[in-house]
Structure formats: structure tokens, C-alpha cells
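Report on the following structure.
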Amino acid sequence: MNTTQETFPDCDLVIYGGLGDLSRRKLLISLYRLEHGDFLEPGTRIIAVDRLEENTESYIKIAYQSLQSFLGSPVDEAVWEKLSVRLSYQQMDLMNPDEFKIFNEITDSSKRVMVNYFAVAPFLFKAICQGLEQSGVLTETSRMVMEKPIGHDLASSQEINDVVASVFQESQVYRIDHYLGKETVLNLLALRFANSIFTTNWDHNTIDSVQITVAEEVGIEGRWEYFDQTGQLRDMVQNHLLQILTFVAMEPPVNLKAQSIHNEKIKVLNALRPITLANVNETTVRGQYTDGFQKGTAVPGYLNEEGANTQSTTESFVALRVDIDNWRWAGVPFYLRTGKRLMNKRTEIVINFKQLPHNIFTESYKELPANKLVIHLQPNEGIEIQMLNKVPGIDENIKLQKTKLDLSFSETFKNSSLYGGYEKLVLEAMRGNPTLFISREEIEQAWSWVDSIQDAWSHANEEPKGYPAGSWGPVASVALLARDGRSWEE
Ligand code: BG6
């Protein structure tokens, strides 16, 4: 065990959908990395559940192949040996509640914590919840973990939450947004609340505007059916972008406990100015990629992807101007943009500070450029402050030049591994720390805000604006900021 960590009760991590994509691409990889870092408790067991006729021996082979395909580096045999003995497979028909009785034999919930990871489509949640309840295997210490899509609008997310709530208390439910496991998103808490220069300069008095960009290089990666019914607003804004926004905008929580953080996040979500038919045109841009080039390679447009519905008007790009109607952020727009098939993968937050009221350096700059804090979330995690300095020299008047204070995480923390989001969240779910998970209230508030945009779009009935794959999105997204006299950070 990693000796710097406290110890936790042994747990049985039961993964429903153990043969599915999520399990093979993400969960097994995370568990391997946790094993590699020596983070798993010695008694932790992993029980994969699925309907196909496999057994523990064949499942272990499948798990090994998944690591080979998705790990991105050679499998360390010593780590694998430790991980593989924790694995077992249970074939089950999730629709048959009687089959859940088996858990009374294979888990011991009086001594061990049962963590139920629902890595299956939400239509199966009800059957799993009922089966678990009837089996009598659940105790107060049992948990359930789920992740998006938690519905596709407020009503469907309430339905899912109600099903889960019929068996699990809210404190037993761990809703994952994998962005909250990302190192740099968590670092926002440290940046904002452990550094006095930022705690005192973080409101409408000093900040002009905020930009949050989550640009993706990938297209829809064979997920046409899911994506076409979802769109970028529901797929990325409702969850990841709004979560980042709450971390940037929230008031200082009284401590790091889950309830304190959830309370502050929900206040931000409640303060989001609604986007309705009345303001949708000035505050939103929808886009859809057309044929183009990425890094010199031709890529098909959204409507020309394999299996595409050529009439689809689903958006693969969204830009929004978001206003937070509270004391701290009055008059400070938050510009959000996210899209598929953009020029590169880049997730960043840009805090644009206000310009100074008077300029005494007119020889260098007619208008003094304002300071900027750029937080790079991925790739190349780090923080950069753009500021002005004097150009060294004795022979002239003071001449200014834009410079950067640059903190690259990979350079500064050379000896620490930067884990992806899943490792952190899977570990926290097993340890029973709910701080980084999303409460029901947050999910539902976020849906209700997003539903209003979706509703306004369907009434406005406008086609999405085209943008060539490999660009930074539709021209209209530039115009969205230009109207306010601003531009995107490029
Ligand atoms: C997922 C979305 O939640 O996040 C995908 O469903 C998206 O469409 C992905 O590509 C992006 O995650 P990351 O960690 O690669 O930025």
C-alpha cells in the first residue's frame, strides 16, 4: 500500500456492464493505474458482472487484452499479477431479481463495503436497484456509482434519480463527472482559495470577463447514434463546462467537505441567467462541422460521417455568453465554447483582468494590455500569467513588453504522476469521499438551465452554422464576442 495514505475498509467493487466499453476502456485502465501506484487496499476485490457466458478465467484474459489495447504503454506484468487476482466474473441476467441473491454468497457486506458501479445504460438501473434490494445484500455502507448520461433533460434525469433514490440514500450515491477528477480542475480550488492574490482579486471589480474553452480534436468516434440524439450542449456543456464554471465562480466554501462544496456550486447554478427565446440569438451559437482538414489529413463533415443521418441539425459546436446574476459577478460575462473536430485538443480557462484606468506608458502602448491568467487544463497542464515588464536597458525611456510568468505542471512537479480523471474518482468512490461527485440538486439545476436553451433553439428553428473541420468553429462565435468588444484567446 502507498504508505502516505490512510487505510480504508476493504471493498467489493461490483461493475455492472463489466464487458462494456466504459469498463474496458476506462475502468480497468484506472484500476490498473491505481494498482500501479499502490493505491488499492490489499483486500479490494473487483467483480465484473455481465450477461455473456464468460467465467473468471476468460474474463481475466479479456481484461488483459483491454489493457494492451487501451493503456497506451506496455503492461507491467508484476502490477498485472496483483490486479488479476482481485478480478472475478459473474454472469447474470440483470432483469431477473432472483439472480442478485448470489451476492449474499460472493460478498460479505457485514464486513466489506459494496460499491456498485452502474456502467450500463440507464434503462437497466431500475432492474439493478430492484434486484439489489430484494437480495437483501445492501447495507448503510453500500454505495452506487453512476455517470453521464444521467438523462437527456430534467424530466428524464429526475426519473433516473428517483429510481436510484428508491434504494440508495443521496449520501450513498456517487455521480461522476470525469472532469472533476482532472488534476488541473482540482487545482482551481488551490489556486483560488490558497493564494491571497487571487482570493482578493476575483470579482467584478478586477475581472473583465472569463473564457472557458473545451476544444476537442476528435469527431464523434463511431458514437453517431448517441451523439446525434444528444448534441454538444447536452454532451459537454450540461456537465463538464458547467462544472468548470462553478469551480471558477463559486464563493469560498467553509471547508473541503462535500456538503460545503455542493452548497457553493448550487448557488452559482441557481444564479445563471436563463437563456430563452428572448435572448438566445445574442447569447448562443450552434455549429456543425463540414468537410475539412486536421493536421493535413482530410476528414469528413458531420453529415458525411459513416452512418450519418444526412438531414441532421444536431450541433457539434456551442458557444455561449453566460451571465451570473449575483453580487460577485455582476457585469462579468463568462464565454463558453466547446466543439468537436476543432483545430486541436485544448481545455483552458482565461481570466481577463480589467484594464487600468490610466496609462502612463503611452510610448510603448497606446492602450495598456490588461493582465490575463490562463489556466491550461489539458494538454500541457499549467498556469500562465500574462503581464507587462520593462525592457532592460539604460538608454531610453521606460519601454514595456508583454511577458509571461509560466508554471508548467509537468516541469514543476517532475516526480509526480499526473493521473487522469477516472483514477481519482474511482479511488474516492471506493474510499467513500463524496466531495468530488455531483449532487442530485446540481444535476437537476444544470439540466433545467440547459433545457431552456434547448427549448429556445427548437423554437428558433435555425440550422446550425457550418464550420470546416480543423478550424476554431463558426465565424458567428467570433461575432458573439466581437459584439461585446472582445475576442477569443487563440
Ligand atoms: C465525454 C463526452 O463526457 O467527454 C465525449 O461524452 C467527449 O463526447 C469527452 O469527447 C471529452 O473528455 P476528455 O477527458 O477527453 O476531455
Side-chain angles (χ1 to χ4, degrees), residues 17 20-27 29-30 33 70-72 117-122 145-153 156-157 160 174-188 212-245 247 286-289 294 299 302 305 307-308 312 314-318 336-349 375-381 409 418-426 436-438 442-443 446-447 450 469 473:
D21 230 36
L22 174 62
S23 304
R24 291 186 313 111
R25 282 174 186 267
K26 301 275 188 198
L27 297 179
I29 307 296
S30 309
R33 292 200 176 120
F70 305 119
L71 188 60
Y117 203 119
F118 287 29
V120 288
V145 185
M146 63 172 153
E147 59 186 284
K148 65 178 280 262
I150 302 178
H152 58 270
D153 58 12
S156 52
S157 82
I160 295 173
Y174 289 63
R175 296 180 193 81
I176 284 191
D177 182 314
H178 77 276
Y179 268 58
L180 292 195
K182 290 186 193 271
E183 197 63 56
T184 36
V185 176
L186 294 180
N187 192 47
L188 280 170
I212 301 174
T213 294
V214 181
E216 301 189 84
E217 209 174 302
V218 292
I220 51 167
E221 295 186 298
R223 295 186 305 155
W224 172 266
E225 213 180 312
Y226 161 77
F227 189 83
D228 199 51
Q229 287 167 15
T230 307
Q232 195 76 352
L233 180 72
R234 293 184 177 118
D235 189 44
M236 295 294 288
V237 177
Q238 187 273 342
N239 34 71
H240 310 321
L241 276 93
L242 284 185
Q243 283 299 321
I244 297 176
L245 179 142
F247 270 65
R286 300 172 73 225
Q288 192 184 65
Y289 60 88
Q294 276 184 315
V299 289
Y302 185 75
E305 294 271 12
S312 172
T314 298
E315 79 288 348
S316 59
F317 175 96
V318 185
L336 273 47
R337 71 175 161 169
T338 177
K340 307 244 182 278
R341 286 261 189 254
L342 296 182
M343 194 176 288
N344 352 84
K345 183 169 175 74
R346 196 171 97 196
T347 304
E348 69 184 20
I349 303 165
I375 304 163
H376 300 283
L377 302 182
Q378 60 182 14
N380 309 326
E381 293 88 344
F409 284 9
L418 289 182
Y419 285 98
Y422 270 93
E423 291 84 354
K424 175 79 179 155
L425 296 172
V426 171
L436 301 178
F437 298 83
I438 324 262
E442 279 175 72
I443 294 260
W447 270 126
V450 158

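In each ligand, atom 1 is the first atom listed, and ligand 1 is the first ligand listed. Remember, predicted model here, so these are calculated numbers, not experimental data.
Close approach of ligand 1 to Lys340 (heavy-atom distance below 4.0 Å) involves ligand atoms 5 (C), 7 (C), 8 (O), 10 (O). Proximity to Lys148 (heavy-atom distance under 4.0 Å) selects the following atoms of ligand 1: 1 (C), 2 (C), 3 (O), 6 (O). Against a heavy-atom cut-off of under 4.0 Å, Lys182 is close to the following atoms of ligand 1: 13 (P), 14 (O), 16 (O). Listed by number with element, the atoms of ligand 1 under 4.0 angstrom from any heavy atom of Asp235 are 2 (C), 5 (C), 6 (O), 8 (O). Near Met236, meaning under 4.0 Å from one of its heavy atoms, ligand 1 places the atoms 2 (C), 4 (O), 7 (C).
A donor-acceptor pair shorter than 3.5 Å can be found between the side chains of Asp153 and Ser156. For the residue pair Tyr117 and Glu147, a side-chain donor N or O sits within less than 3.5 Å of a side-chain acceptor on the partner.
Counting heavy atoms closer than 4.0 Å to ligand 1, residue Glu221 contributes nothing at all.
The nearest heavy-atom contact from the protein to atom 10 (O) of ligand 1 is Glu216 OE1, 2.4 Å. In this structure, atom 16 (O) of ligand 1 lies nearest to the protein heavy atom Tyr179 OH, 2.4 Å. Looking only at heavy atoms of the protein, atom 12 (O) of ligand 1 is closest to His178 NE2, 3.2 Å. Of the protein's heavy atoms, Lys345 NZ, 2.9 Å lies nearest to atom 15 (O) of ligand 1. When only non-hydrogen protein atoms are considered, atom 5 (C) of ligand 1 lies nearest to Arg223 NH2, 3.3 Å.
In this structure, the side chains of Gln378 and Lys182 come closer than 4.5 Å at one or more pairs of heavy atoms. Inter-residue side-chain proximity for Tyr289 and Val299 is flagged as unmet; no heavy-atom pair is nearer than 4.5 Å. Using a 4.5 Å cut-off on side-chain heavy atoms (C-beta onward), Tyr174 and Leu425 make no contact.
In the candidate list Glu217, His240, Gln378, His240 is nearest to atom 1 (C) of ligand 1, counting heavy atoms.
Screening Gln243, Gln238, His240 for a side-chain hydrogen bond (donor to acceptor under 3.5 Å, both in side chains) with Asp177, the sole residue that qualifies is His240.
Between the side chain of Thr314 and the backbone N or O of Asp228, at least one donor-acceptor pair lies under 3.5 Å.
Using a 4.0 Å cut-off between a side-chain N of Lys or Arg and a carboxylate O of Asp or Glu, Arg346 and Glu348 qualify as a salt bridge.
Looking at every heavy atom in both residues, Thr338 comes nearest to Val214 through OG1-O, 2.8 Å.
On a distance-only criterion, Tyr226 and ligand 1 share no N/O pair closer than 3.5 Å.
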